Amino acid sequence: MHWLYFFGRFHVLLVHLPIGIIYVTVALELLARRPRFAYLASAANFLWACAAVTAVATVALGLAHSTEGGFNPRILATHRALGISVAVLAIALFVLRTQRPRLYQSTQLLTGPVALVLVAATGHFGGDMTHGTSYLFVYAPAPVQRLMGLQTNHKRPTSAAGADVFADVIHPMLLLRCSGCHGEATQKGGLSFATYASLMKGGEDFPAVVPGDLSQSEMYYRVTQPRGSEDFMPRDNKTPLTAAQVQIIGWWIKAGAPGKGTVGSLKPPPQILKLIDQELKSD
Ligand code: HEC
């Protein structure tokens, strides 16, 4: 089983080849329609062969990778169906181009763009699983975020005391540092930080947060382990929470881990209030 996991992870590396090759091939064939660039067309058979071979290999590794589990089944199923259709299309286009060049020529303006759209859509759902659905827009300006449905019309807090303790303080840290593996698309250990409710539901094996009790809160345990320990979160050398963020999370759990209410209403000690203030100013 571990061999499957081992090879499967190369999916995320190899996938760049068919993406690049297919985009270049379609662009090259469009250019080759102009007499000046007609000589480029002679490379297209070879490129479609490369696209087909790398796409099939990518699908095979993707199937191996999916056995690791922890992926949102709906997003995975869509990504898999699209990925397989890219591989099938690449093979079909190679066969058509070599066997029935005239038919290929006459449908090229349709099949090329279809291939591009399929590749982009496949990549979109795959990206959701590796980076989390909000990855691309975490640093986007507020209007762009609203456009992408990432921000409600929630106003940014003007003071630490007036900030909403979960929505403004705790949730953004978890979304930024943890949701790539514990979000809507990927739920490693059965745990999602997508919403307050999913956080409180906890993971497969442990409650992530037990209000008022740090020692039973697996989330706190995980972020306070020595780096390099098996249990340390985030995994895989991803950027960890800062020491200040860990302190704030610890304070919040001890204060009962509420999902609503202002920071001020929990009467934080002055040094925590200061950390929260700095935290809010830093983004
Ligand atoms: C790169 C992927 C990755 C990132 C990022 C990540 N985790 Fe995890 N997490 C995992 C995996 C894989 C597991 C399941 C294996 C395990 O329990 O160690 C897990 C399990 C957990 C569990 C135990 C769930 C259970 O009940 O079994 C907690 C709690 C947790 N993570 C918290 C966090 C926190 C907090 C962050 C952000 C600071 C984070 N993780 C970031 C991959 C990740």
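Start at 1 and go down the list; that is how both ligands and their atoms are numbered. Keep in mind that the numbers below use all heavy atoms, side chains included, and drop hydrogens, waters and symmetry copies. None of the values given here were measured: they were computed from a predicted structure.
Closest to atom 19 (C) of ligand 1 among all protein heavy atoms lies M233 CE, 3.2 Å. Considering only non-hydrogen protein atoms, atom 24 (C) of ligand 1 sits nearest to G189 O, 3.8 Å. The protein atom (non-hydrogen) at minimum distance from atom 1 (C) of ligand 1 is C181 SG, 2.7 Å.
Under a 3.5 Å cut-off, the side chain of Q245 and the backbone N or O of T242 do form a donor-acceptor pair. For the pair H182 (side chain) and S192 (backbone), a donor-acceptor distance under 3.5 Å is absent. Remark: side-chain polar atoms of T130 are paired, donor with acceptor, to backbone N or O of G126 under 3.5 angstrom. Between the side chain of S217 and the main chain of M219, no donor-acceptor pair closer than 3.5 Å is present. Under a 3.5 Å cut-off, the side chain of H11 and the backbone N or O of T58 do form a donor-acceptor pair.
Geometrically, K201 does not engage Y196 in a cation-pi contact, judged by NZ or CZ lying under 6.0 Å from the ring centre and within 45° of the ring axis.
Residue K188 holds the heavy atom nearest to atom 11 (C) of ligand 1 of all those in E204, Q245, K188. The option from A208, P240, S217, C178 that lies nearest to atom 36 (C) of ligand 1, judged by heavy atoms, is C178.
Between R222 and ligand 1, at least one N/O pair is under 3.5 Å apart. Checking only distances, L191 never comes within under 3.5 Å of ligand 1, N or O to N or O. The shortest N or O to N or O distance between R235 and ligand 1 is under 3.5 Å.
At least one heavy atom of F193 sits less than 4.0 Å from an atom of ligand 1.
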Inset, instruction - In sequence, state the C-alpha distance, the side-chain angles, and the governing distance for E230 and R235, and then conclude on salt bridge (charged side-chain N to carboxylate O under 4.0 Å, His left out). - result: CA-CA 8 Å; E230 272 258 323; R235 280 257 176 130; 5.0 Å; no
Inset, instruction - With ring pair (Phe, Tyr, Trp, His ring centres under 6.0 Å) as the test, would you mind laying out the steps for H65 and F71 before giving the verdict? - result: CA-CA 10 Å; H65 190 39; F71 302 110; 5.5 Å; yes
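Near V223, with a cut-off below 4.0 Å to any heavy atom, the atoms of ligand 1 are 35 (C), 38 (C). Every atom of ligand 1 is numbered from 1 in the order shown, and the set under 4.0 Å from a heavy atom of G203 is 25 (C), 26 (O). The D236 neighbourhood of ligand 1 comprises atoms 1 (C), with distances under 4.0 Å to a heavy atom of that residue. Numbered from 1 in the order shown, with element, the atoms of ligand 1 that lie under 4.0 Å from a heavy atom of R177 read 5 (C), 37 (C).
Each of L96, V26, L93 was compared with T111 under the side chain to side chain contact (heavy atoms under 4.5 Å, CB included) criterion, and only L93 meets it.
Between R33 and E29, none of the side-chain N atoms (NZ, or NE/NH1/NH2) sits under 4.0 Å from a carboxylate O, so this pair counts as no salt bridge.
Contacts of M219 with ligand 1, taken as heavy-atom pairs under 4.0 Å, involve both backbone and side chain. Contacts between H182 and ligand 1 below 4.0 angstrom, taking non-hydrogen atoms only, involve the side chain exclusively. When heavy-atom distances to ligand 1 are checked against a 4.0 Å cut-off, D231 has no atom that comes that close, whether in backbone or side chain. Contact annotation for D205 and ligand 1: heavy atoms of both the backbone and the side chain come within less than 4.0 Å of the ligand.
Between Y39 and F37, the ring planes are tilted. Angles from 30° to 60° get that label.
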